[in-house]
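Structure, as structure tokens:
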Amino acid sequence: MKYKRILLKLSGEALMGEKQFGIDPVILSRYAEEVKAISKAGVEVAIVIGGGNIFRGIQAAEGGMDRVQGDYMGMLATVINSMALQSALEMIGVDTRLQSAIKMEQICEVFIRRKAVRHLEKGRVVIFGAGTGNPYFTTDTAATLRGIEIEADVILKGTRVDGIYDMDPEKNKHAVMFETLSFTEVYEKNLNVMDMTAFTLCKENKLPIIVFNMNKAGNLMNVVKGDKVGTMVEF
Ligand code: GTP
């Protein structure tokens with residue numbers, strides 16, 4: 001395995017599958033199987049999942065809701081997704097721990113970095129819920145922050161497209177995918193990899209990012225092995 005400890009960022013919206021809202025159990029269990037495979041192969045896995053399938057703070061703010069209130073609601077949405085993923089993983093025999101950036105002790109542990117690292121060392125999959133616990137920060141930023149804190153080797157951003165393209169591949173069939181990019185190239189080409197806060201955190205902390213298609217079976221394993229899958233952003 002090329003990577004020993006990873007931070008996997010999953011999209012909340014991807015969990016919807018073909019549905020308009022909520023969680024598609026088929027996608028959920030597929031994701032759980034993919035995670036199980038790399039965890040059983042000895043990779044230490046931490047996960048941050050978005051909440052866009054349930055609630056989006058920014059959209060709510062556009063509709064007139066208080067932005068901060070909307071962002072907190074979005075954080076709670078990520079906890080719901082995290083609990084669903086935890087449950088799906090445990091159903092197939094994967095040890096997990098869920099830590100939240102917002103204290104809700106009846107439901108999960110609170111985020112404590114040292115505890116999270118200990119869980120990883122014991123082979124448990126650690127899911128981080130409630131983003132960073134602060135409004136105005138995305139789950140990409142939460143993923144990056146946690147990735148840095150646990151000293152992950154790489155951020156794996158699972159998406160529904162194969163990698164980073166020069167144009168939106170879902171809108172333009174001539175879009176070309178990059179195999180590798182430097183952090184500077186991403187800035188120069190104005191590519192949309194993550195929001196700027198998340199991206200800059202990765203850059204400043206020399207944490208590489210791989211964007212790959214999470215909906216292709218076996219892809220996660222191939223990424224972790226170091227195969228040429230998706231787009232790698234590095235130095
Ligand atoms: P080690 O003792 O290091 O092996 O870790 P552990 O997670 O097994 O020990 P701990 O006693 O901390 O946790 C036992 C179980 O309780 C685990 O399933 C934890 O996720 C859960 N747990 C621990 N702290 C909390 C909490 O504050 N709230 C909730 N809801 N569960 C917790």
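Index from 1, following the sequence. First listed ligand is number 1; within each ligand, the first listed atom is number 1.
Scanning both residues, Glu34 and Asn219, for their nearest heavy atoms gives OE1-N, 3.9 Å. The two atoms that bring Gly230 and Met177 nearest to each other are O-CE, 3.5 Å, heavy atoms only. Annotation for Asp166 and Val176: closest pair OD1-N, 2.7 Å, computed over non-hydrogen atoms.
Atom 9 (O) of ligand 1 is never approached by the protein to below 4.0 angstrom, counting heavy atoms only. There is a protein heavy atom less than 4.0 angstrom from atom 4 (O) of ligand 1. The nearest protein heavy atom to atom 17 (C) of ligand 1 is closer than 4.0 Å.
Nearest protein heavy-atom contact of atom 7 (O) of ligand 1 is Arg97 NE, 2.7 Å. Atom 32 (C) of ligand 1 has as its closest protein heavy atom Glu109 CG, 3.7 Å. Shortest contact from atom 26 (C) of ligand 1 to any protein heavy atom: Cys108 O, 3.6 Å. What sits closest to atom 1 (P) of ligand 1 on the protein, heavy atoms only, is Lys122 NZ, 3.2 Å. Protein heavy atom closest to atom 12 (O) of ligand 1, with residue, atom name and distance, is Lys115 NZ, 2.8 Å. Nearest to atom 30 (N) of ligand 1 among the protein's heavy atoms is Glu105 O, 2.6 Å.
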Does the pair Arg97 and Lys115 meet the rule for a side chain to side chain contact (heavy atoms under 4.5 Å, CB included), with working shown?
CA-CA 10 Å; Arg97 294 289 184 269; Lys115 254 192 120 155; over 6 Å; no

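No hydrogens or angles considered: nothing links the side chains of Thr144 and Thr141 as a donor-acceptor pair under 3.5 Å. With no hydrogens or angles considered, a side-chain donor-acceptor pair links Tyr31 and Asn215 at under 3.5 Å.
Between Ile49 and the choices Thr139, Leu15, Leu8, the side-chain contact (heavy atoms from CB on, under 4.5 Å) rule is met once, by Leu15.
No heavy atom of Val110 sits closer than 4.0 Å to any atom of ligand 1.
Not a single N or O atom of Arg118, backbone or side chain, sits closer than 3.5 Å to an N or O atom of ligand 1.
When heavy-atom distances to ligand 1 are checked against a 4.0 Å cut-off, Ile107 comes that close only through its backbone atoms N, CA, C and O. Contacts of Gln86 with ligand 1, taken as heavy-atom pairs under 4.0 Å, are absent altogether.
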